[in-house]
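Note sheet for the following structure.
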Amino acid sequence: MIAENKTRRSSIVEALTDKLKTISFANGYATDLGEQAYPRMRFWDEISEFPCICLVAGPETIVHQGGGLKDRYLDVTLRAYVNEEDSVLALERLLEDVEIIIDRNGRLAYVDSSGEQGTTRDIIITFIDTDQGALAPLGVGEMTLQVKY
């Protein structure tokens, strides 16, 4: 990953996006995502292949620990899109696959804007919601992640 013109925030989102691209039947997941994960928001009219996941860096909280040390907490919004006959089941499977990726990658490597390797300290899921089939056969789910780094 090249760090040119990238902030830590965008580098973390890109590293997480790369991990999500490993969701495939071949890797033992219930969903085959392929390359359909993006480090920016995409809307319905921009999506031609399903399933699809988009991630966006949101608010960040900084907690000063003293002695120049800080803990940073970055909220990342993940939006998942599916288009299947049973959109509720497809969305639940995709979100469970995402949860597996998050659980396995709490310490995620990224490169900051100075080119230095960084590592997140933890990534947790704080919120999950879906359209509950209201848009079938399309489906949309949202997950909020909190990244501590």
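If you're wondering where the values come from, they're calculated on a predicted model, not measured in any experiment.
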(request) Could you walk me through whether I62 and H64 pass the side chain to side chain contact (heavy atoms under 4.5 Å, CB included) test, one step at a time? (result) CA-CA 6 Å; I62 301 172; H64 296 271; 3.9 Å; yes
(request) Mark yes or no for whether T120, through its side chain, and L108, through its backbone, hold a donor-acceptor pair below 3.5 Å. (result) yes
(message) I need the minimum non-hydrogen distance between D112 and S114, along with the two atoms involved.
(response) OD1-OG, 2.7 Å
(message) Please determine whether residues V76 and I125 belong to a single hydrophobic cluster, defined as Ile, Leu, Val, Met, Phe, Trp and Tyr linked transitively by side-chain heavy-atom distances below 4.5 Å.
(response) yes
(request) Apply the test side chain to side chain contact (heavy atoms under 4.5 Å, CB included) to residues K148 and D71: give CA-CA distance (whole Å), side-chain angles for both, the deciding distance (0.1 Å), then the verdict. (result) CA-CA 7 Å; K148 180 180 180 183; D71 289 327; 3.9 Å; yes
(request) Can you see which heavy atom on A80 is nearest to which on L95, and at what distance? (result) CB-CD2, 4.1 Å
(message) For the backbone of N83 and the side chain of S87, can you confirm whether one donor and one acceptor N or O come within less than 3.5 Å of each other?
(response) no
(message) Taking T7's backbone N and O only, do any of them form a donor-acceptor pair with S11's side chain (distance below 3.5 Å, no angle check)?
(response) yes
(message) With a sphere of 6.0 Å drawn around NZ of K19, does it hold more than 12 non-hydrogen atoms of other residues, nucleotides or ligands?
(response) no
(request) Decide whether I23 and L89 are clustered together by the hydrophobic rule: side chain heavy atoms of Ile, Leu, Val, Met, Phe, Trp, Tyr closer than 4.5 Å, transitively. (result) no
(message) If hydrophobic clusters are built from ILVMFWY residues whose side chains come within less than 4.5 Å, do I128 and L20 share one?
(response) yes
(request) Check whether any side-chain heavy atom of R121 lies under 4.5 Å from a side-chain heavy atom of R72, and answer yes or no. (result) no
(request) Heavy atoms only: give me the nearest P51-Q36 pair and the separation to one decimal. (result) O-CB, 3.1 Å
(request) Assess whether atom CD of Q117 is packed by more than 12 heavy atoms of other residues, nucleotides or ligands within 6.0 Å. (result) yes
(request) Output the distance between atom CG (L145) and atom CG (L16), rounded to the nearest 0.5 Å. (result) 6.0 Å
(request) State, yes or no, whether a side-chain contact exists between K70 and Q65 at a heavy-atom distance under 4.5 Å. (result) no
(message) Please check: side-chain N/O of N105 versus main-chain N/O of I101, any donor-acceptor pairing under 3.5 Å?
(response) yes
(request) Examine distances only and state if a side-chain atom of Q132 and a backbone atom of V88 form a donor-acceptor pair shorter than 3.5 Å. (result) no
(request) Sort out for me which residue in W44, F50, F43 forms a ring pair (Phe, Tyr, Trp, His ring centres under 6.0 Å) with Y81. (result) W44
(message) Taking the basic N atoms (NZ, or NE/NH1/NH2) and the acidic carboxylate oxygens, is any pair closer than 4.0 Å for E99 and R104?
(response) no
(request) Identify the heavy atoms of S24 and D32 that sit nearest to each other, and give their distance. (result) CB-OD1, 3.2 Å
(request) Assess whether side chain to side chain donor-acceptor pair (under 3.5 Å) is satisfied between T144 and D75, documenting all intermediate values. (result) CA-CA 7 Å; T144 304; D75 287 342; over 6 Å; no
(request) Pick out which of I53, L55, V140, V56 makes a side-chain contact (heavy atoms from CB on, under 4.5 Å) with R79. (result) V140
(message) Name the residue from L78, D97, I123, D122 that meets the side-chain contact (heavy atoms from CB on, under 4.5 Å) definition with I102.
(response) I123
(message) Quick one, R42 and C54 - any side-chain contact, counting heavy atoms below 4.5 Å?
(response) yes
(message) For C52 versus Y38, what's the shortest heavy-atom pair and its separation?
(response) SG-CE1, 3.6 Å
(message) Please find the pair of heavy atoms, one from T119 and one from Y149, that lie closest to each other, and give the distance.
(response) O-CB, 4.5 Å
(message) Closer than 3.5 angstrom, by distance alone: can the side chain of D129 be matched with the main-chain N or O of E142 as a donor-acceptor pair?
(response) no
(request) Could you state whether V98 and I47 fall into the same hydrophobic cluster, counting links through intermediate Ile, Leu, Val, Met, Phe, Trp or Tyr residues with side-chain heavy atoms under 4.5 angstrom apart? (result) no
(message) For the backbone of G133 and the side chain of D131, can you confirm whether one donor and one acceptor N or O come within less than 3.5 Å of each other?
(response) yes
(message) Does R9 form a salt bridge (charged side-chain N to carboxylate O under 4.0 Å, His left out) with E14? I'd like the steps, not just the answer.
(response) CA-CA 9 Å; R9 295 164 51 90; E14 285 190 15; over 6 Å; no
(request) Test side chain to side chain contact (heavy atoms under 4.5 Å, CB included) on Y110 and R8 and set out the steps. (result) CA-CA 8 Å; Y110 66 93; R8 282 181 292 224; 3.9 Å; yes
(message) Looking at R93, I want to see if its CZ is surrounded by more than 12 non-hydrogen atoms of other residues, nucleotides or ligands under 6.0 Å.
(response) no
(message) Under 4.5 Å between side-chain heavy atoms, counting indirect links through other Ile/Leu/Val/Met/Phe/Trp/Tyr residues: same cluster for I100 and V147 or not?
(response) yes
